[in-house]
2 protein chains.
Amino acid sequence: MKISSLVIEGGVFLRLSSRGHYGLKAMLDLAQNFGEKPIPLRSVAVRQNLSEHYLEQLIAMLKKAALVKSVRGSQGGYILAREPSQLTVGDVFRAMEGPVAPLLCVSEENPVGCDEADYCISRSVWARVRDGIVDVIDSITLEDLCREAKKL
Amino acid sequence: MKISSLVIEGGVFLRLSSRGHYGLKAMLDLAQNFGEKPIPLRSVAVRQNLSEHYLEQLIAMLKKAALVKSVRGSQGGYILAREPSQLTVGDVFRAMEGPVAPLLCVSEENPVGCDEADYCISRSVWARVRDGIVDVIDSITLEDLCREAKKL
DNA sequence: GGATATCATAGCACGCTACTAGGGTATTGT
DNA sequence: ACAATACCCTAGTAGCGTGCTATGATATCC
């Protein structure tokens with residue numbers, strides 16, 4: 001009796017890896033230094049105590065998601081694509097970690113079909129968990145966090 | 001400049017692996033067949049379409065967490081340690097996946113110290129995410145899910 | 001034209017997941 | 001007694017994702 005073909009998930013889908021953590025730190029740094037001039041990655045890396053080279057790769061994901069713009073050359077760097085008040089933690093999370101999906105079949109984006117969907121009870125549980133997470137991350141803007149930071 | 005020593009997280013901490021999914025399915029099966037007699041694992045495996053041998057390992061975790069009791073020998077099997085109304089999804093989740101902790105430093109249990117804790121702004125974000133998840137999983141009992149299942 | 005900065009690709013050690021394999025032990029029904 | 005049933009225990013392993021490092025190319029300003 002081979003059941004190995006029944007595997008539903010091939011990995012891990014709701015998680016916070018260092019990507020999400022570092023990505024938010026970087027975005028927050030850009031938000032705190034938001035202005036006219038682009039901010040070189042090096043200074044972000046130093047302030048946030050991160051590997052500059054690794055950060056390069058991470059910010060590439062943020063650029064791909066159109067959350068930041070880049071300026072090449074000397075005196076170049078990165079700037080937020082929108083104002084801090086128009087960027088949420090959810091935007092950053094999804095850019096770094098993909099869609100919120102405790103389970104593939106309850107992904108907020110392109111949920112994977114499952115032949116048990118009709119009678120799978122636990123599905124509704126993880127869907128509610130997903131909604132709980134989404135509510136939180138979509139309601140917090142970078143501006144909110146900057147304001148919090150100033151209080152410290 | 002070696003920054004590799006700064007790694008904050010060594011893995012992945014908030015996730016739903018197949019363990020959590022399968023574990024909840026098994027517990028739900030036990031709840032639906034809750035009564036006097038123990039339920040053999042084989043029948044759970046067949047009904048839920050899971051590998052029996054793998055299920056053995058998973059249910060060992062549930063037993064360790066005192067969520068189920070076992071009866072050995074012929075006609076033996078497993079029974080819920082408490083009534084379905086006294087068992088929550090959170091109980092099952094924690095037995096299978098460990099404490100809810102999007103980040104080690106905001107684990108609901110033994111949070112790991114972090115030297116940036118005082119001024120780390122993103123911390124509060126993940127703490128709120130954690131609370132959102134906890135609220136959901138601790139408020140749903142197995143009895144609730146059985147009732148939902150009957151409606152289908 | 002060189003210093004500064006972004007961009008692109010490749011590769012790798014490690015740890016975890018999702019199992020499978022193969023046995024052992026306890027209890028029951030006949 | 002004894003076989004059948006069911007729980008119990010330890011190893012091992014393929015595959016995958018993470019968290020980097022390494023190397024170099026390309027663009028732009030002064």
Side-chain angles (χ1 to χ4, degrees), chain A residues 1-23 25-26 30 37-46 49-64 68-79 96-98 101 103-104, chain B residues 1-23 25-26 30 37-46 48-64 68-79 96-98 103-104:
Chain A
M1 190 182 188
K2 282 265 171 78
I3 317 210
S4 48
S5 57
L6 297 175
V7 177
I8 296 169
E9 35 248 303
V12 160
F13 300 104
L14 171 67
R15 88 242 122 162
L16 186 66
S17 64
S18 75
R19 281 207 295 268
H21 193 49
Y22 294 175
K25 279 188 168 197
L30 292 181
K37 288 192 291 187
I39 298 151
L41 246 205
R42 164 160 313 226
S43 65
V44 176
V46 169
N49 205 14
L50 303 172
S51 152
E52 183 186 350
H53 206 23
Y54 186 38
L55 240 195
E56 275 187 44
Q57 288 174 252
L58 301 186
I59 208 157
M61 303 176 78
L62 294 167
K63 197 194 171 187
K64 206 172 207 172
V68 297
K69 287 182 287 190
S70 66
V71 179
R72 300 186 73 151
S74 183
Q75 306 295 92
Y78 291 94
I79 327 179
M96 306 308 291
E97 310 273 5
L103 227 50
L104 275 186
Chain B
M1 191 184 187
K2 282 265 172 76
I3 318 212
S4 49
S5 58
L6 296 175
V7 177
I8 295 170
E9 34 248 303
V12 160
F13 301 104
L14 173 65
R15 90 242 122 164
L16 188 65
S17 65
S18 76
R19 281 208 298 267
H21 193 51
Y22 293 175
K25 278 189 168 195
L30 292 182
K37 288 193 292 187
I39 299 151
L41 246 204
R42 165 159 311 227
S43 65
V44 176
V46 168
Q48 302 298 325
N49 205 14
L50 303 172
S51 152
E52 185 186 348
H53 204 24
Y54 186 38
L55 239 195
E56 275 187 45
Q57 289 175 250
L58 301 185
I59 208 157
M61 303 177 77
L62 294 168
K63 199 192 168 188
K64 207 172 207 172
V68 298
K69 287 181 288 189
S70 66
V71 178
R72 302 187 71 148
S74 181
Q75 307 295 92
Y78 290 93
I79 328 178
M96 306 308 290
E97 311 272 6
L103 228 50
L104 274 187

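Every chain is numbered from 1, with letters handed out A, B, ... down the list of sequences.
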Checklist entry - Please give, in whole Å, the distance from D/dC8 C1' to B/Lys63 NZ? => result 8 Å

Below 3.5 Å between N/O atoms, which protein atoms pair up with nucleotides 9-14 of chain D? Just atom names and distances, please.
none

Next on the checklist: How many whole angstroms separate atom CZ of B/Arg42 from atom P of D/dC7?
Outcome noted: 10 Å

Next on the checklist: I need the OH-C1' distance between B/Tyr78 and D/dT5, as an integer number of Å.
Outcome noted: 13 Å

Next on the checklist: Looking only at the side chain of A/Ser70 (C-beta and beyond, no hydrogens), which of the listed nucleotides D/dC7, C/dT6, C/dC19 gets closest?
Outcome noted: C/dT6

Next on the checklist: For B/Arg72, give me all partners under salt bridge (charged side-chain N to carboxylate O under 4.0 Å, His left out), at least two apart in sequence or on another chain.
Outcome noted: none

Next on the checklist: In this structure, how many angstroms lie between the P atom of D/dA6 and the CD1 atom of B/Ile39, rounded?
Outcome noted: 13 Å

Next on the checklist: Using OP1 and OP2 only, check whether a side-chain N or O of B/Ser51 sits under 4.0 Å from C/dT20.
Outcome noted: yes

Item to check | Separation of D/dC20 C1' from A/Glu52 CD (nearest whole Å) | outcome: 15 Å

Next on the checklist: Rounded to whole Å, please give me the gap between CG in A/Leu62 and P in C/dT6.
Outcome noted: 13 Å

Next on the checklist: From C-beta outward on B/Ser17, which listed nucleotide comes closest to its side chain: D/dG19, D/dC8, C/dT17?
Outcome noted: C/dT17

Checklist entry - For A/Lys37 and D/dC30, what is the distance between atoms NZ and C1' respectively, to the nearest whole Å? => result 15 Å

Polar atoms only, N or O, under 3.5 Å: list the protein pairs with nucleotides 24-26 of chain C and their distances.
from: C/dT25; atom 1: O2; to: B/Arg72; atom 2: NH2; distance (Å): 3.0
from: C/dA26; atom 1: O4'; to: B/Arg72; atom 2: NH2; distance (Å): 3.3

Item to check | Any A/Tyr22 side-chain N or O less than 4.0 Å from OP1/OP2 of D/dC20 | outcome: yes

Next on the checklist: The side chain of B/Gln75 is closest to which nucleotide in this list: C/dT28, C/dT6, D/dT21?
Outcome noted: C/dT28

